[in-house]
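Single-structure report; data block below.
Everything quoted here is computed from the prediction, not taken from an experiment. Whatever order the structure lists them in is the order used to number ligands and atoms, beginning at 1.
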Amino acid sequence: MNSRQRNVKPLTHGTSGIDGLLRTDRKAPWRNYAHTLVRYENRHLPTGDIDGIPVEQAEQLLANLGVDARWISVVHACQGAIVPSEHLPLMPDAKPEYDRNLREWVQILHNRRMCAITWYPLCYNHAAAEKHPDWRQEFLVPPPEGNIHHEFACCINSPYGRAVKNFILESLQKYDLDGVYFDGSSLTPVWEKPFPVSCVCPHCREKFRDETGLETPTKLDWTSPEFRRWVQWRYDMFSAYWQELTDAIHAAVPEAAVIFNHYHRERIPWVGAVPLKSFGRNFLRGTEADSQPLRGMFYTRCMRAAGKEGTEVWMNINPHGHINTPAGPKHNVKPVLDFMLACAAAGGHAATGCGTPAIEWPTLQRLADALGPFRAYLDLPSVPHAALHVSQQTDTFVFGRNPGVTTDANWTDHYWASLVGWADAIAMAGRYCDVVYDDHLTLTKLKKFPLLIMPLAPALAKKQWNTVLQYVRTGGTLVTGPWFGVCDEWGEPRGEPLGGREIFPFGSEFPTFEELDSRKERGLREKTLPLDWNSRHLIRRAKMAKGEIIQLSLDVGTLFRHSSSPLVVSAVAELLETLPRPCAEPVSEELLLTGVFQKNRRTVAVHLQPCTSPWPSKKQPNTHQPIRGILLRWNGNKPKLARCATPTPGPGLPIRKRGKHWRIELPPLPPHGMVILIEQ
Ligand SMILES: [Zn+2]
């Protein structure tokens, strides 16, 4: 598409065609943030220009480059409101013209059919904390020396909580905004380590007492049931506030998009009070990739499991800095491109931000071009195959006890290292997996997945344990690591093991954190690789009625997270070869990300994406070379038709029988991946 054509939005934008584009009211489909594809954050103050370019020209440029959703803001970072409101104080440097400029800015975006949402850092407002000291959070574990966030961390249980709600409602209506992105939606400031723990202000104490009859703890004490109850209450209380905000926004502006940044991921533990579970309704699930492009895939899967609504993972447009060239600094588009495509391969949306008009903006067009073909294949239901268990119980009540969380800035997040390592190794082995949380451990849910991977699951309620074993007896396959079920759901060690040592021979007692830290160090040095699946010291396979339990004595995810060794990927691929297979899988020497989705009742959409390896490799994807010779293995009945859907719809592909399965010959895989439709 040339640049002249780009000035006109395609008539098929969204779901509505020309009628939808002519509309400008809130029901206009292009104003629905959930359906947008290229989401760009640049929250410049409404001074009338962006980096010296008048706003009108800058936004015209962004629209031409393919951006269809913009994050702007009614606040300036954590400084406070930039426009007058009776609900929240104005930040000191706010200018009177910001109010008019912001209205005009939204109008400019709407004139170009771009969706406009505001950013707001949920728990952080300097002007509010200054004016209302009683709105400030109080800490059970104080922030480290020099930490500044505690100076403006406000408590949502103080009158601040209602003030934010009213301020956002007012902003959405006054400026005709299409939604709100709640960043900073972590109860405790998580940006400086070691982590502090909040909030024990009088408002929180009173609420905790009213709701539980208990007094707020005065110190960290994981052996105390009251303390653990308080930790659980923080999750429940904070997520209830998210819902209250969402419902209030939708009561006033039903069409508004509400997105929260889900601050519970690698290196952000329980202190943020964001639950690791399926919770809430009517808001989009956002999170961040922490500058790791491949993380877009796993975190999209985590967010898909957290709720039925759409997902979004954010990454800085330039995570690893500029490339210096003789002609000056240049944008390295590859990491952000890899990231957005990894989100798409997991069926979710991506957002990016920061960057300058001079360096990063021109490459936005490449992102728009790469993502465009996948628009119709996002947000589809996954074809259930493998489920990776992500456990709040284990994360919080076992690994959360690590004293390093609140004392050591370099604390190792052992639990998420395992999860991330497993997710990445499975992805690089060409397989895909959905995520299940603790509350998904029901027989009805688990039966959808032939394969259940619970890498580290020391914290299990007896009922959950029984459910998992019943899942196996009825035909499921369980892969797990050491210490399976050695604690109860509150992380308390069990006196008596729940099962026989012949089924779970590895790890009868959860180790100390010193031991875990030294294992990590040792694991890096030791020659544990290559893994030998014939070793009874490494793996024990036990048939149980119609299913099978496979326990590993070492955690493969941790090994991959700390080694990035291709030998771990080979070992995982080798193990997966002996386990139930998904309906579709690529056959190739290349690293390929796979997503398999139900397009409609008869059609499965298989998303294949070249993947950049974490180890040095001569070949890297997204250069410009298509990958030849890829076969798609189809493990179901003979398909009626297999054809490419992207980058352009293609003719029927050759399908050949090979043993008990089918092999589909694919055309060369483009650098930005493809979707193949299999009709049955
Ligand atoms: Zn409080």
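Using a cutoff of 4.0 Å between basic side-chain nitrogens and carboxylate oxygens, Glu41 and Arg43 are scored as salt-bridged.
To the nearest 0.5 Å, atoms CZ (Arg285) and CZ (Arg304) are separated by 13.0 Å.
Scored by the side chain to side chain contact (heavy atoms under 4.5 Å, CB included) test, His87 finds Ser85, Asn166, Phe167, Glu170 as partners (sequence neighbours excluded). Checked against salt bridge (charged side-chain N to carboxylate O under 4.0 Å, His left out), Lys95 has no partners two or more places apart in sequence or in another chain. Residues meeting the side chain to side chain contact (heavy atoms under 4.5 Å, CB included) test with Asp93, sequence neighbours left out: Met91.
The closest side-chain donor-acceptor pair between Glu288 and Asn261 falls under 3.5 angstrom.
Inspection of the environment of the Zn ion (ligand 1) yields the following protein N, O or S atoms under 2.8 Å: Cys155 SG, Cys199 SG, Cys201 SG, Cys204 SG.
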